[in-house]
Amino acid sequence: MKQILYVGAAAAAFALAAFTIAPSETSEPKMLEIGTKAPKTDLKMADVSGKEITLQSAAGKNGLLVIFSCNTCPFVVGNGSKSAGWEGRYPEVADMAQAKGINTVMVNSNEAKRAGGDSMADMKKRYSEKGLKGYYALDAKSQLADAFGAMTTPHVFLFDKDMKLIYKGAIDDAVDSPADVKTPYLKNAIEAYSNGKAIEPNSTRQVGCSIKRVKV
């Protein structure tokens, strides 16, 4: 399993501005391994639609794409003219996945920021304003993030029709601008899986702000 490590100029700047590219710390939950079945598929989460969903109910016939995301991290939402962020690429990826029978669930696990931009009301507003697609669910107490070992926003996990993990990590290699993308990791993974080919690489380094868990 290959690991890809990259940090763009904007990512480095954000890190210095108190946003983190989450390290592999012993205090972090253990991240899912490739080939592992999705945990907590029956965990009920409130969706922006007003309904409750689970990963099991949200999955498409050929799999599920889970993106840990939020409303507040510049790696997701961008940083003015300095960086586009990855969020603007979510709808295109969701459309591509859906065309292949794979549904998308964005998950907001920033429990410590519910009063700081990551409440359900904030999620509904952003979903509508940004034309996001798929589900956008609130992960109360970061339960799903802990079960996945998710570390950053964004952090991507792609599951096959049997809900086994086939790709994890980053969306692509250029947070600053879609025009600068050299390797669209997630799109390549979806395409390879849909064509019955091996996903290479099947794991890349997640880059973003740390998920804001409540410290106990």
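Every heavy atom of this structure was used, including side-chain atoms; hydrogens, water molecules and symmetry mates were not.
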Apply the test side chain to side chain contact (heavy atoms under 4.5 Å, CB included) to residues Phe157 and Ile67: give CA-CA distance (whole Å), side-chain angles for both, the deciding distance (0.1 Å), then the verdict. CA-CA 6 Å; Phe157 295 82; Ile67 304 175; over 6 Å; no
If you look at every heavy atom in Ala192 and Ile199, which pair is closest and at what distance? CB-CG1, 4.0 Å
Taking all non-hydrogen atoms of both residues, which atom of Leu165 and which atom of Glu33 are closest, and how far apart? CD2-O, 3.5 Å
With no hydrogens and no angle check, is any side-chain donor or acceptor of Ser128 less than 3.5 Å from a backbone partner on Lys124? no
Identify the residue among Lys187, Arg89, Lys182 that makes a salt bridge (charged side-chain N to carboxylate O under 4.0 Å, His left out) with Asp172. Arg89
Kindly indicate, with the supporting measurements, whether the criterion side chain to side chain contact (heavy atoms under 4.5 Å, CB included) is fulfilled by Met31 and Met151. CA-CA 8 Å; Met31 196 185 305; Met151 296 172 67; 3.4 Å; yes
For the atom pair CG (Leu65) and CD1 (Ile190), what is the distance rounded to the nearest 0.5 Å? 5.5 Å
N/O donor-acceptor pairs under 3.5 Å from side chains in residues 93-100, not counting sequence neighbours:
from: Asp95; atom 1: OD1; to: Lys133; atom 2: NZ; distance (Å): 3.1
from: Asp95; atom 1: OD2; to: Lys133; atom 2: NZ; distance (Å): 2.7

Rounded to the nearest 0.5 Å, what's the gap from NZ on Lys40 to CE on Met45? Could you check? 11.0 Å
Ile166 CD1 to Ile34 CD1 distance, which is reported to the nearest 0.5 Å: 8.0 Å
Are Val76 and Val181 connected in the hydrophobic side-chain network, where two residues link if heavy atoms are under 4.5 Å apart? no
Run Leu186 and Tyr167 through side chain to side chain contact (heavy atoms under 4.5 Å, CB included) and show every step you take. CA-CA 8 Å; Leu186 180 55; Tyr167 173 78; 4.1 Å; yes
Within the distance-only criterion (no hydrogens, no angle test), does the side chain of Asp176 pair as donor or acceptor with the backbone N or O of Ser83 below 3.5 angstrom? no
Donor-acceptor under 3.5 Å (Ser119 side chain, Asp122 main chain): yes
Heavy-atom pair of closest approach, residues Ser210 and Asn110: O-OD1, 4.4 Å
Between Leu64 and Ala59, the two heavy atoms sitting closest are CD1-CA, 3.8 Å
So, Lys141 side chain and Asp139 main chain: donor-acceptor pair closer than 3.5 Å or not? no
Parallel, tilted or perpendicular, judged at 30° and 60°: which one describes the rings of Phe159 and Phe148? perpendicular
Work out which heavy atom in Ala58 is nearest to a heavy atom in Ile53; give both atom names and the distance. CB-CD1, 4.5 Å
Any salt bridge linking Arg213 with Asp146? Criterion: basic side-chain nitrogen under 4.0 Å from a carboxylate oxygen. yes
Would you tell me whether Cys209 and Cys70 have their SG atoms within less than 2.5 Å of each other? no
Heavy-atom count around Glu92 CD within 6.0 Å, excluding the residue itself: above 12? no
Looking at side-chain heavy atoms only, is the closest gap between Met123 and Asn71 below 4.5 Å? yes
Can you hop from Tyr135 to Met163 via hydrophobic side chains spaced under 4.5 Å? yes
Can you find a heavy atom in the side chain of Met106 that is under 4.5 Å from one in the side chain of Leu132? yes
Is it true that a side-chain atom of Tyr193 and a backbone atom of Asn62 form a donor plus acceptor pair closer than 3.5 Å? yes
How long is the span from the NZ atom in Lys164 to the OG1 atom in Thr36, to the nearest 0.5 Å? 9.5 Å
With a 3.5 Å cut-off and no angle check, do the side chains of Asp118 and Asn108 form a donor-acceptor pair? yes
Kindly say whether Gly134 contributes a backbone atom to a donor-acceptor pair with the side chain of Tyr127 at under 3.5 angstrom? yes
Counting distance only, does the side-chain N/O of Thr41 pair as donor-acceptor with the main-chain N or O of Gln56 below 3.5 Å? no
Distance col, row Glu87:CD vs Lys130:NZ, nearest 0.5 angstrom, shows 6.5 Å
Tell me the closest heavy-atom pair linking Leu158 and Ile102, and the distance in Å. CD1-CG2, 4.1 Å
Hydrophobic cluster membership, Leu43 vs Ile211, 4.5 Å side-chain cutoff: yes
Atom NZ of Lys212 and atom OG of Ser142: how far apart are they, to the nearest 0.5 Å? 11.0 Å
Is a donor on one side and an acceptor on the other found under 3.5 Å between the side chain of Thr183 and the backbone of Tyr185? no
Between the main-chain N or O of Ser49 and the side-chain N or O of Asp47, is there a donor-acceptor pair closer than 3.5 Å? yes
May I ask you to check whether Tyr136 and Ser69 show a side-chain donor-acceptor distance below 3.5 Å? no
Stepwise side chain to side chain contact (heavy atoms under 4.5 Å, CB included) test for Val207 and Trp86: CA-CA 11 Å; Val207 175; Trp86 273 298; 4.2 Å; yes
